[in-house]
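Let me begin by presenting the structure, written as C-alpha cells, before commenting on it.
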Number of protein chains: 2
Amino acid sequence: MKRDSRLSGVLHIVLHMARQDGPVTSEMLARQMDTNPVVIRRIMAGLRERGYVRSEKGRGGGWTLACDLSTVTLRDIYAALGNPSLLAIGNRTESPGCLLEQAVNSALGQAFQDAEALLLSRLGEVTLAMLGADVSRRLRAHGGSRKLEDIHAA
Amino acid sequence: MKRDSRLSGVLHIVLHMARQDGPVTSEMLARQMDTNPVVIRRIMAGLRERGYVRSEKGRGGGWTLACDLSTVTLRDIYAALGNPSLLAIGNRTESPGCLLEQAVNSALGQAFQDAEALLLSRLGEVTLAMLGADVSRRLRAHGGSRKLEDIHAA
DNA sequence: ACAAATTGCAACATATAAAGTTACATGAAG
DNA sequence: CTTCATGTAACTTTATATGTTGCAATTTGT
C-alpha cells in the first residue's frame, strides 16, 4: 500500500524553517523538498491553524515558526495533519452482522489498537526541539564547519 | 488511506470453512463474504501454497482446511498473504541525502519499527483455534440453539 | 498607482494499490 | 461430454496521496 509521508514531510519542513531566520517561502521549501509549493502549503495549513507556524503574504512573506519547539511533539504535528490513519491493514467491516467476522474484528481490533497506541505514545515522547538537537549532532558528526547547504542533496 | 482488509477477510473465510465439513466452494464463500469468487481464490492462494488449506477442482470440489488450527497463528496467515505493509504512514525517502530528513527518518523509523513489531507479536499470540473458540463463545451468548446461518447477515 | 512577490484555494491530473469483474483454460465427477 | 469447480490473466473500479495549473487576495517596493 502507498504510504502517507506527510508527517515525515512536514517535519522535514519544520527543521528547515528552524535553521533559517526570517520567513521561508513555499517556493524555497519546495525546492529543498523536491516537490511543489502547493504541496507545501497544503500540508502546512494544519500547522497554521494550530498556531505552530505563521504565514504571511506578499513580498518578503513566507513561513515562520510560531511555537516553542520544546513543547510541541511529533504527535502534535501528526494531529495537525488531521490524524490520518496509522495502519495500512484493517477490518473488512466495522459493524459486521456475521458473528464470525465479529470474532475476527475483535481479535484483530485489539492488536490494531495496541499498535496504534504504542506508535502515538512514541510520537508523543519526541519534541521538535529533540529532533533539532539530533540534527545538530549529525551536523557535528559530518564535520562541524560545513554548512547544511553543502551537505543537502540538490 | 484505504486499508488492506485481506487479513480480516481471509480469517473470516477460514472461520467459515472451520464450521463446515466437506469442501466449500469459492462461490459459497463469496456469497457469505459479499464479494466475488475470484477475490476469494486470490487471497486463498497464499494459504494453499503454505499448506494451510487445500483446493480441489471439479464437481464436489472446493476448499478444505488442511492444518491444525491450534498451531497456526494470525501472523502465519498474515505471512501467507505476503507480509503486506502494516503501517499507513512512512518516511518520504528511504535513504535521504538531506541530513534533516535523516534525523526525521531516524526518529520516525524507530517508532514505526516498534509499532510493527508489537503488532506482529500480537498476531503471533493468537491461533486460529483461539479465534474458533471465540466464535463458539459468541454463538452461545447469542442463544446456544440457534445455528450460525440464522444469525449470519444476508 | 502599479508591478512584483507571495499565500490561499479550487480544480484537475497522475500514480499506486486494493477490490471487483470478465473471460477462458484446466481438471474432476457424473 | 456436460457440468461444476479452481487457476489465472487482463481489465475496470475506487480511494487516496501527490503533483500541477490557474487565479484571486494581499503585501511590499518603486
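None of these values were measured; they are calculated from a predicted model. Letters A, B, ... are given to chains in the order of the sequence lines, protein chains preceding strands, and every chain is numbered from 1.
Across the protein-nucleic acid pair, A:R59 atom CZ and C:dT6 atom P stand 8 Å apart, rounded to whole Å. Residue A:R3 contributes atom CZ, which lies 13 Å from atom C1' of C:dA17 at whole-angstrom precision. What separates CZ of B:R6 from P of C:dA17 is a distance of 11 Å, to the nearest Å. Whole-Å rounding puts the A:N36 CG to C:dT7 C1' distance at 13 Å. Taking atom CG on B:D34 and atom C1' on C:dT21, their separation rounds to 15 Å, with Å as the unit.
For A:S55, no side-chain nitrogen or oxygen approaches OP1 or OP2 of C:dT7 to under 4.0 Å.
Although no hydrogens or angles enter the test, the distance criterion places no donor-acceptor pair under 3.5 Å between the side chain of B:S5 and the main chain of B:S8. A donor-acceptor distance shorter than 3.5 angstrom exists from the side chain of A:R92 to the backbone of B:M33, with no hydrogens or angles considered.
Contact of the B:V53 side chain with the B:T64 side chain is not registered, since no non-hydrogen atoms from C-beta on lie closer than 4.5 Å. Residues A:I77 and A:L128 have side chains in contact (heavy-atom distance under 4.5 Å, counting atoms from C-beta outward). Annotation: side chain of B:M44 is in contact with side chain of B:M17 (closest heavy-atom distance under 4.5 Å). Counting heavy atoms from C-beta on, the side chains of B:L120 and B:L86 come closer than 4.5 Å. Using a 4.5 Å heavy-atom cutoff, the side chains of A:L100 and B:R19 are in contact.
For the side-chain contact (heavy atoms from CB on, under 4.5 Å) test with B:I40, the passing option among B:I13, B:V10, B:T25, B:V24 is B:I13; the others fail. With B:V104 as the fixed residue, the side-chain contact (heavy atoms from CB on, under 4.5 Å) test singles out one of A:L15, A:L74, A:V135, A:V14: A:L15.
Using a 4.0 Å cutoff on non-hydrogen atoms, no part of residues 81-92 of chain A comes near DNA chain D. At a non-hydrogen distance threshold of 4.0 Å, A:V39, A:R42 from residues 39-54 of chain A come into contact with DNA chain D.
Here chain A contacts DNA chain D (any atom closer than 4.0 Å to a heavy atom, that is under 4.0 Å), and the contacts span D:dA17 to D:dG29 from 5' to 3'.
Heavy-atom distances to DNA chain C give each of A:E27 and B:G58 a nearest nucleotide, and the one nearer the 5′ end belongs to A:E27. Of the residues near DNA chain D, B:V38 and B:S26, the one whose nearest nucleotide (by heavy atom distance) lies more toward the 5' end is B:S26.
Residue A:K57 places no side-chain atom within donor-acceptor reach of the base of C:dA5, judged by atom type and a 3.5 Å distance cut-off alone.
Within the 4.0 angstrom heavy-atom criterion, no nucleotide atom of any strand lies near B:G60.
Side chains of A:T93 and A:E101: a donor-acceptor N/O pair is present below 3.5 angstrom, by distance only.
The local environment of CZ in A:R54 is sparse, with at most 12 non-hydrogen atoms from other residues, nucleotides or ligands closer than 6.0 Å.
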